[in-house]
Structure formats: structure tokens, C-alpha cells
Protein chains: 2
Amino acid sequence: MAIRNNTATTIADRTNRLSPRTSMKIGEVSQESGVGVEALRFYERSGLLGRPARSQSGYRLYDEGVLERLAFIRKAQFLGFSLDEIRHIISDAEKGASPCDDVRAIVRRRLAEVSERVKEMQRHHRELTRTLEEWDEVGRAPGNICGLIEGTEMQNPSPTSGRVTPKKQRKKTA
Amino acid sequence: MAIRNNTATTIADRTNRLSPRTSMKIGEVSQESGVGVEALRFYERSGLLGRPARSQSGYRLYDEGVLERLAFIRKAQFLGFSLDEIRHIISDAEKGASPCDDVRAIVRRRLAEVSERVKEMQRHHRELTRTLEEWDEVGRAPGNICGLIEGTEMQNPSPTSGRVTPKKQRKKTA
DNA sequence: ATAAACTCTGTAGTCACGTGTAGAGTCAAG
DNA sequence: CTTGACTCTACACGTGACTACAGAGTTTAT
């Protein structure tokens, strides 16, 4: 695995890292931003970054702006935006539209989702706690496989309801 | 798409669905259990179900037991077990070992994870709420892409912290 | 008899977000 | 000149729990 080592700049250069870099290679950007080299290329492929300039030998040469862009992406991710949403926001902004209203709407939606998810998780937590308590009373229950599980009542017979990660739910949940 | 229609039994048969079926075809099992046909075959491939008998023409013929097994699987999923864990539990049970202690341990672990996750989500919820409030004060902030996002302070600069779904972490939940 | 619905096997695709690898070229230092 | 780190492209792989499909055969209803 690549030890992201920065041989393109001198040690002195790296030491006073406040000097503005006008053309950074991908490793440098990775180091500055904390985003992996592969992820940077992936972002570019995904349309999140736009094509950087290239050196004669084909190396990507980034200007400082990319760091701001990456900071934007990370903040948006931090706020729960998917890369897809981020791509839309950036593309809107580049078309001149102010995406802030959409952004607000997305955050509001995300907020509702998180609320819902927390409620689900808390329900699940109570369910698990109750189950463990029951099991402690019961000791070891008889059953085909594990009486503990077999004897447990489900609140909701849907097999999706206990998932730790939410399912994709693209078609039916019948 | 296949409309899981049950032509193997008469309507009368389906109406008094309490009569024990000794050999059900896959569609019937799907209908009774609510597990899709593809999922049933997938479970079999994954070692969760074991090979059913076959008709002369190669159709799977299930006995009633499969419904209990599927109920077990769904309950276990409901409790947060992965199919992998369920497979282990079943395999232990079939080897004669009582897996209940392991089951308890898994549930306890899952419980801790859920707790942690709830706390994270609540933090995230507060963060989003605070952000929205700030944004309402600000109106429409200037910025390269969306000043709202750009002006938002991240609690934790890691890009992973805001994910709605937890990032891979396939080794262990540290 | 024929059409519709079912079933079979085997393989590949989905979702998000990247990571890993192969094989080649480039660059700076000793 | 060689070594080693870096970069390039293009593709495969990883996660979990399924879904989708192709192309064949089978069963049931009319």
C-alpha cells in the first residue's frame, strides 16, 4: 500500500505548509485534504471534482480551489448528504442557481429521517432489552434451534424491521 | 414480474389454510411465509435452509418444517442477527450444541451497538437542527457553492462522522 | 390444445462509497 | 544508473441481502 509520502515538495516546503500551492499533485492533495488518492480519482470520475489540469506527463495538477471543494464535500457528507446529492448541488451551483433552498429541503428531509430512525432504534433497543430480561428469567428454553429466539414475539412480522442498517426499499416490502 | 399466485392449491384449500400441507412447492412456501421465491432459493444456497425434497420434475417440495425455520430466521433478523450469524446458530444447533449462550452474547453485543448508534444519531439530529436554525437566521449565505454548507462548522473533521449508514467496519465494532 | 403461470439452473446486477491491483510510465535523489 | 516513491488507466472487488434475468422445462386452467 502506498505510503502517501510527499516527495514532490521539499521538507522545507512541507514545514511551512501555509504557503499557497498553485499546482499540487494528487498525493499532496490527498495529504492536505485527508481524502485518499483513489477516492480523489473516484470523485473526479463521479463528477464531483471536475478535470484538473495535467502536466506534460499526464499527472493531475490541482490548484488550491480543490481543497475548498473537498472541504465542501466533507461538510456536506458530515451533514448527511449522499455523494449523489452533493453532485446535484454542485452542478446547480455551477449552472448559476443557488442551491441553498434545495439544501435546506434536503436537510429537513434528512432530519425527519434521522428522527424516525432514532425512534426505530429506540424501539429496537427496548425490544432487545426486554428480550434479554425474558431470557434471563427463562434460563435456557427448549426449542428446535434456540428456544430463546423461537419464543420471542415479534412486534412487527416484517423481516426488515430489525435491520441495523436501513434497507434499500426500492420495490415492495410485502 | 411473477404474481405469486398459488395455482398448486385450490381456492378452497387456500381458504382453510390451517390444513397441514405436507409438500408445498416454492411459491406456496413463499406465500405462506412472506419470503420471496428468489430469497428462498438464496437461503438454500446460503445454507440457511437445507435441501428440500424434489418432485420427479425437480421441483422443490417443502414440508411444514420449513415454515418454522423461516419464522426462526425472520425472528432472528428482527432481533438484529445477520444471516451469517443465523447460519452459525442453526449449524450449531444441528450439531447438537445449544447455541443459546452465543445467542445471548450476540444480542448483548447488538444491544450495545444499537445504544451507540442511537447516541450518534441523536448527536447528528441536534447538529442538523442547530444547522437549520443557524441557516434560518442567516437567510441565504454567500459562498462558492452553498454558503450554508460552507459556513457550517463541523464538530469532527472526519468525513465519516455524519454518515446515515455506518461505514464499512467489517472487521469489528471497536 | 394451448396459454398462462409456475419452476428450474446459473449468472450477474443492485445499492453507496469507495479500495485494491496490474502493468506501465515519470520523477528526484544518491 | 539505479532505486524507490509516485502517478497513470482500467478494471475487479468488497459489503449484505437479496433481485433480475435468460432460457429451458412443467403444471394447471380453460
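Numbered from 1 within each chain, the chains take letters A, B, ... in sequence-line order. Hydrogens, waters and symmetry mates play no part in the numbers below; they use all other heavy atoms, side chains included.
Here the shortest heavy-atom pairing between B:Y59 and B:K25 reads CD2-CD, 3.6 Å. Of all the heavy atoms in A:L40 and A:V29, the pair that sits closest is CD1-CG1, 3.8 Å.
The salt bridge (Lys or Arg N to Asp or Glu O under 4.0 Å) check on A:R54 picks up A:E44, with sequence neighbours excluded. The side chain to side chain contact (heavy atoms under 4.5 Å, CB included) test applied to A:S82 returns A:D84, A:E85, not counting sequence neighbours. Applying the side chain to side chain contact (heavy atoms under 4.5 Å, CB included) rule to B:R41 yields the partners B:I26, B:V37, B:E38, B:R45, B:R60; only residues at least two apart in sequence or on another chain are considered. Not counting sequence neighbours, A:S46 has no partner by the side-chain hydrogen bond (donor to acceptor under 3.5 Å, both in side chains) test.
Between the CD1 atom of A:I26 and the C1' atom of D:dC8 there is a distance of 9 Å, given to the nearest Å. One atom, CD of B:E44, and another, C1' of C:dT9, lie 12 Å apart when rounded to the nearest Å. One atom, CZ of B:F42, and another, P of C:dG13, lie 17 Å apart when rounded to the nearest Å. At whole-Å resolution of the value, CG in A:L49 and P in C:dG18 are 12 Å apart. When the P atom of C:dC15 is taken as reference, atom CG of A:D84 falls 10 Å away, rounded to whole Å. Atom CG of B:L70 and atom C1' of D:dC18 are 14 Å apart (whole Å). If you measure from atom CD1 of A:I73 to atom C1' of C:dC17, you get 13 Å, rounded to the nearest angstrom. Atom CD of B:E38 is separated from atom C1' of C:dT11 by 12 Å (rounded to the nearest Å).
Helix-axis bend for the helix from C:dA1-D:dT30 to C:dA16-D:dT15: the local axis fitted to the five terminal pairs at one end deviates from that at the other end by 50°, rounded to 10°.
Remark: A:R69 engages A:E94 in a salt bridge, criterion side-chain N to carboxylate O under 4.0 Å.
Out of D:dT9, C:dG18, D:dA17, the shortest distance to the side chain of A:L83 is found at C:dG18. Comparing C:dC8, D:dA17, C:dG18 by their closest approach to the side chain of B:Q77 singles out D:dA17. Checking C:dG18, D:dC8, D:dC18 against the side-chain heavy atoms of A:R60 singles out D:dC8 as nearest.
The backbone N or O of B:V35 lies less than 3.5 Å from no partner atom in the side chain of B:R74, so there is not a single donor-acceptor pair. Although no hydrogens or angles enter the test, the distance criterion places no donor-acceptor pair under 3.5 Å between the side chain of B:S33 and the main chain of B:L70.
When each of A:R41 and A:S82 is assigned the nucleotide of DNA chain C with its nearest heavy atom, A:S82 is the one assigned upstream, toward the 5' end.
Nucleic acid contact class of B:R45 (heavy atoms, under 4.0 Å, all strands): base.
D:dC13 and C:dC17 are spaced 13 Å apart, taking the C1' atom of each and rounding to whole Å.
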Table of protein N/O atoms under 3.5 Å from nucleotides 24-27 of chain D N/O atoms:
from: D:dG25; atom 1: N2; to: B:Y59; atom 2: OH; distance (Å): 2.7
from: D:dT26; atom 1: O4'; to: B:Y59; atom 2: OH; distance (Å): 3.2
from: D:dT26; atom 1: O3'; to: B:S57; atom 2: OG; distance (Å): 3.2
from: D:dT27; atom 1: OP1; to: B:S57; atom 2: OG; distance (Å): 2.7

